[in-house]
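Atoms within a ligand are numbered from 1 in the order they appear, just like the ligands themselves.
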Amino acid sequence: MKIKIGKTQYTVSRVPSLEPPIARGRVNYTARTIQIAERSGRPLRKRSVQGMQHTLWHEMVHAMLKDMGSTKERDELFVDELAKRIHQINKQLGVYV
Ligand SMILES: [Zn+2]
């Protein structure tokens with residue numbers, strides 16, 4: 001899937017797992033990719049759809065803040081708390097149905 005965030009088009013994909021295995025997702029601003037891990041943790045465990053949707057929002061919030069030139073881009077707590085709320089709203093709107 002391709003998604004445009006601000007000026008940048010990202011390729012979004014699911015991957016079996018990431019390095020380190022505890023990573024759930026990754027945004028690469030150079031390669032313009034967002035990867036979502038289907039399994040994470042030590043040992044690797046299958047992730048829920050909800051968990052992967054939240055991770056996708058987490059990575060997209062990073063990308064939005066990067067596009068905005070905001071220093072908040074590196075604030076993991078801020079990014080995650082905002083992603084959580086967007087995901088919560090999307091579920092109510094039925095965006096994922
Ligand atoms: Zn993050």
Side-chain angles (χ1 to χ4, degrees):
M1 166 175 64
K2 302 247 187 213
I3 192 146
K4 194 171 182 187
I5 301 174
K7 305 173 288 297
T8 309
Q9 180 161 279
Y10 288 89
T11 301
V12 179
S13 59
R14 280 198 197 183
V15 292
S17 63
L18 289 163
E19 276 302 322
I22 54 159
R24 296 172 180 160
R26 183 155 294 144
V27 57
N28 183 317
Y29 300 122
T30 312
R32 300 180 172 186
T33 57
I34 292 175
Q35 295 176 310
I36 307 300
E38 292 176 333
R39 290 169 197 273
S40 71
R42 287 194 176 98
L44 283 175
R45 285 190 56 198
K46 198 169 185 278
R47 304 189 58 222
S48 67
V49 170
Q50 291 281 323
M52 289 190 283
Q53 286 168 345
H54 170 244
T55 301
L56 176 58
W57 274 109
H58 178 102
E59 302 307 333
M60 292 195 296
V61 168
H62 271 300
M64 288 180 207
L65 294 166
K66 177 79 174 173
D67 181 72
M68 291 162 66
S70 170
T71 55
K72 288 277 188 204
E73 188 276 321
R74 288 181 291 276
D75 186 337
E76 285 298 334
L77 185 63
F78 177 85
V79 168
D80 206 59
E81 290 298 320
L82 182 56
K84 232 183 257 180
R85 284 158 181 79
I86 296 171
H87 181 45
Q88 176 194 39
I89 291 166
N90 278 345
K91 280 190 287 182
Q92 293 170 73
L93 289 173
V95 168
Y96 302 122
V97 175

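Around the Zn ion (ligand 1), protein N, O or S atoms at a distance under 2.8 Å total 4; waters are neither shown nor counted.
The two residues V15 and Q35 make their nearest non-hydrogen contact at CG1-NE2, 3.7 Å.
Every pair passing salt bridge (charged side-chain N to carboxylate O under 4.0 Å, His left out) that includes a residue from residues 49-76 is listed here, sequence neighbours excluded: K7-D67, K72-D75.
Shown here are the ring pair (Phe, Tyr, Trp, His ring centres under 6.0 Å) partners of H87, two or more places apart in sequence or in another chain: Y96. Listed by chain and residue number, nothing satisfies the salt bridge (Lys or Arg N to Asp or Glu O under 4.0 Å) test with R45 (two or more places apart in sequence, or in another chain).
Side chain to side chain, H58 and H62 meet the donor-acceptor criterion of an N or O pair below 3.5 Å.
Once rounded to the nearest 0.5 Å, the distance linking CD1 of I34 with OG1 of T55 reads 11.5 Å.
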